[in-house]
Amino acid sequence: MATEKIKDPVGSMGSMGFLEAAVKISRTSPDIPADVQLSMREHFLRRTQRMQRQTTEPASSTRHNSFKRHLPRQMQVGSLDLGNDYMVDRDEKPTSLGRIQPELYQQKASESEDSTKNGSGKNCGRINISLKYDYENEALLVNILRAVDLPAKDLCGTSDPYVKVYLLPDRKKFQTRVHRKTLNPTFNESFQFPVPYDELPIRKLHMSVFDFDRFSRHDMIGEVVLENLFEMSDLSRETNIWRDIQYATSESVDLGEIMFSLCYLPTAGRLTLTVIKCRNLKAMDITGYSDPYVKVSLICDGRRLKKKKTSIKKNTLNPTYNEAIIFDIPPDSMDHVSLHISVMDYDLVGHNEIIGVMRVGSHAEGLGRDHWNEMLAYPRKPIAHWHPLLESKKSEKEWKARTASFDSQGSCPSPRPPASP
């Protein structure tokens, strides 16, 4: 029994060795030779490396490969790999020329926005004024003292500045004298605005600084608006104020107003325009005044048929005329005509300058069309209105082209009958 017990382990060990040999897994794959396995392993490694390169650098044509060879040398870029190496920490800022830095563009954009808000970055200088309320006369005293660091508007590097002063919403205005060839004028001029003390909180003081130009339209340097007159004090004592002059264009210039009446007699075919007066006209002369007159042109189908004008009023910005201008227009032509009204400044030497224009007629705009329609609705009755003056947008050449045909008799022809079929 002992012998059998001893033999059994030996037999069992032999059987285990046989099974182990039978089920032994060879790492060299006995069916595949070793040299073939080595070549296959190398081929697999090369294939894996090639696939990794293709995922980061796509294959490109020969022309693009040649461009890549020259690009690092021309732009001094160390690597064009756009894979994981391109990821940069937030604290690290790329300095390569081949990489965009968005923060630079954001900074420039913000600077451009700031310059736009500040009036295109233009320095228009500062103005010094003083305010005081006169309780006895119930008036606001405005003293225009000086201005400093004004921009140069003339070719010689200087300006000819003057200041217009309004107490809005009233249209009454005052104007200082023109100071020649200076960027730091001293005005020292006082103006008095009659206004109750209780109305001062709703009033605004508007000052416009201009550069006088003898031979062209005056340039607007800038403007200052004081919306709260009690910002510094209660105005019981004289209050000194400094303000920056804000940049503004000449489009906001107040050219003044004209008052005239229209009356049409259908039976006689007669249109009467009575020029009554003008107010707050723009100063065109160096004296701070103008020599205004009114010119009225009859336009029919885009052609100027006749023009007439009033007398000239010397050295005034608020002329009174009360002069009638008459045109003969058949009733059938009233829908085809319009009146072009120009307020001019007379010059003894040189060309007369246009202060402002406006137009009335069935094809006019705004108040000009309404005034015309009201005249037609109430024949034989004078209809009077105030009209604001606008800047003339038509050049002299365009005006001459439109008025090439001129009828010296001043009568508007009747509409042509429709052509027979």
Side-chain angles (χ1 to χ4, degrees), residues 129 139-142 144 160-178 187 189-195 199 202-213 216-226 248-261 273-296 309-323 341-347 352-360 366-368 371 384-393:
I129 66 172
L140 178 65
L141 304 180
V142 180
I144 307 297
D160 303 323
Y162 66 93
V163 181
K164 292 182 180 180
V165 188
Y166 302 84
L167 188 61
L168 302 178
D170 291 348
R171 297 187 58 86
K172 183 178 181 180
K173 70 177 179 182
F174 293 100
Q175 180 176 310
T176 66
R177 295 187 301 271
V178 178
F187 299 102
E189 297 186 41
S190 298
F191 307 103
Q192 183 173 335
F193 292 93
V195 55
E199 294 184 7
I202 62 175
R203 297 300 187 99
K204 296 181 182 180
L205 186 65
H206 185 279
M207 292 166 286
S208 301
V209 185
F210 287 88
D211 169 58
F212 175 83
D213 199 325
S216 64
R217 193 171 300 278
H218 302 182
D219 296 326
M220 189 172 185
I221 297 177
E223 62 184 4
V224 175
V225 180
L226 293 180
T249 63
S250 58
E251 295 179 355
S252 60
V253 176
D254 183 15
L255 303 177
E257 294 178 296
I258 181 173
M259 183 181 186
F260 58 86
S261 66
L273 184 148
T274 303
V275 181
I276 302 175
K277 58 184 176 179
C278 298
R279 65 184 180 187
N280 299 333
L281 294 180
K282 179 181 179 181
M284 305 297 288
D285 298 336
I286 195 172
T287 58
Y289 295 98
S290 295
D291 302 325
Y293 67 94
V294 180
K295 181 176 68 175
V296 183
K309 59 183 180 180
T310 66
S311 59
I312 301 172
K313 303 299 180 180
K314 293 287 187 177
N315 296 327
T316 179
L317 300 179
N318 300 279
T320 300
Y321 298 98
N322 291 321
E323 300 181 25
I341 303 170
S342 304
V343 180
M344 310 289 295
D345 173 54
Y346 173 78
D347 282 332
N352 297 340
E353 298 179 283
I354 299 177
I355 298 177
V357 301
M358 66 88 46
R359 190 166 69 100
V360 292
L367 186 57
H371 194 174
H385 284 295
W386 282 102
H387 293 265
L389 296 176
L390 307 175
E391 292 189 12
S392 177
K393 297 182 180 179

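The heavy-atom pair separating Leu281 from Glu257 by the smallest distance is CD2-O, 4.2 Å. Residues Phe260 and Val360 come closest through the heavy atom pair CZ-CG1, 3.8 Å. When every heavy atom of Thr316 is checked against every heavy atom of Tyr289, the shortest pair comes out as N-CB, 4.0 Å. Listed here is the closest heavy atom pair of Glu189 and Gln175: OE1-O, 4.2 Å. Heavy atoms only, all atoms of each residue included: Asp291 and Lys314 are closest at OD1-CA, 3.6 Å. When all heavy atoms are compared, the tightest approach of Ile276 to Ala384 is CD1-CB, 4.1 Å.
To the nearest 0.5 Å, atom CD of residue Glu199 and atom CG of residue Leu140 are 12.0 Å apart. For the atom pair NE2 of His387 and SG of Cys278, the computed distance is 11.5 Å after rounding to the nearest 0.5 Å. In this structure, OG1 in Thr310 is found 11.0 Å from CG in Asn322, a value given to the nearest 0.5 Å. Rounding to the nearest 0.5 angstrom, the gap separating the OH atom in Tyr321 from the NZ atom in Lys313 is 7.0 Å. With rounding to the nearest 0.5 angstrom, the CG atom of Leu389 is 6.5 Å from the CD1 atom of Ile258.
Not a single donor-acceptor pair under 3.5 Å links the side chain of Asp345 to the backbone N or O of Pro292. Asp211 places a side-chain N or O within 3.5 Å of a backbone atom of Asp160 that can act as its donor or acceptor partner. A donor-acceptor contact shorter than 3.5 Å links the side chain of Asn318 to the backbone of Asn280. A donor-acceptor pair is defined here as one N or O able to donate and one able to accept, closer than 3.5 Å; such a pair exists between the side chain of Ser290 and the backbone of Lys282.
Annotation for Phe193: atom CZ counts as buried by contact number, over 12 foreign heavy atoms lying within 6.0 Å.
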I would like to know whether Val224 and Ile129 meet side chain to side chain contact (heavy atoms under 4.5 Å, CB included); could you show each step before the answer? CA-CA 11 Å; Val224 175; Ile129 66 172; over 6 Å; no

Walk me through it: do Thr176 and Phe191 pass the test side chain to side chain contact (heavy atoms under 4.5 Å, CB included)? CA-CA 9 Å; Thr176 66; Phe191 307 103; 3.8 Å; yes

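Side-chain atoms of Leu273 and Val275, non-hydrogen and from C-beta on, do get closer than 4.5 Å to each other. Contact check for Glu223 versus Phe210: no side-chain heavy atoms found under the 4.5 Å cut-off.
Taking the six-membered ring where tryptophan is involved, the planes of Tyr166 and His206 are perpendicular, since the angle between them exceeds 60° and thus also 30°. Between Tyr293 and Tyr346, the angle of the ring planes goes over 60°, which puts this pair in the perpendicular group of the 30/60° scheme.
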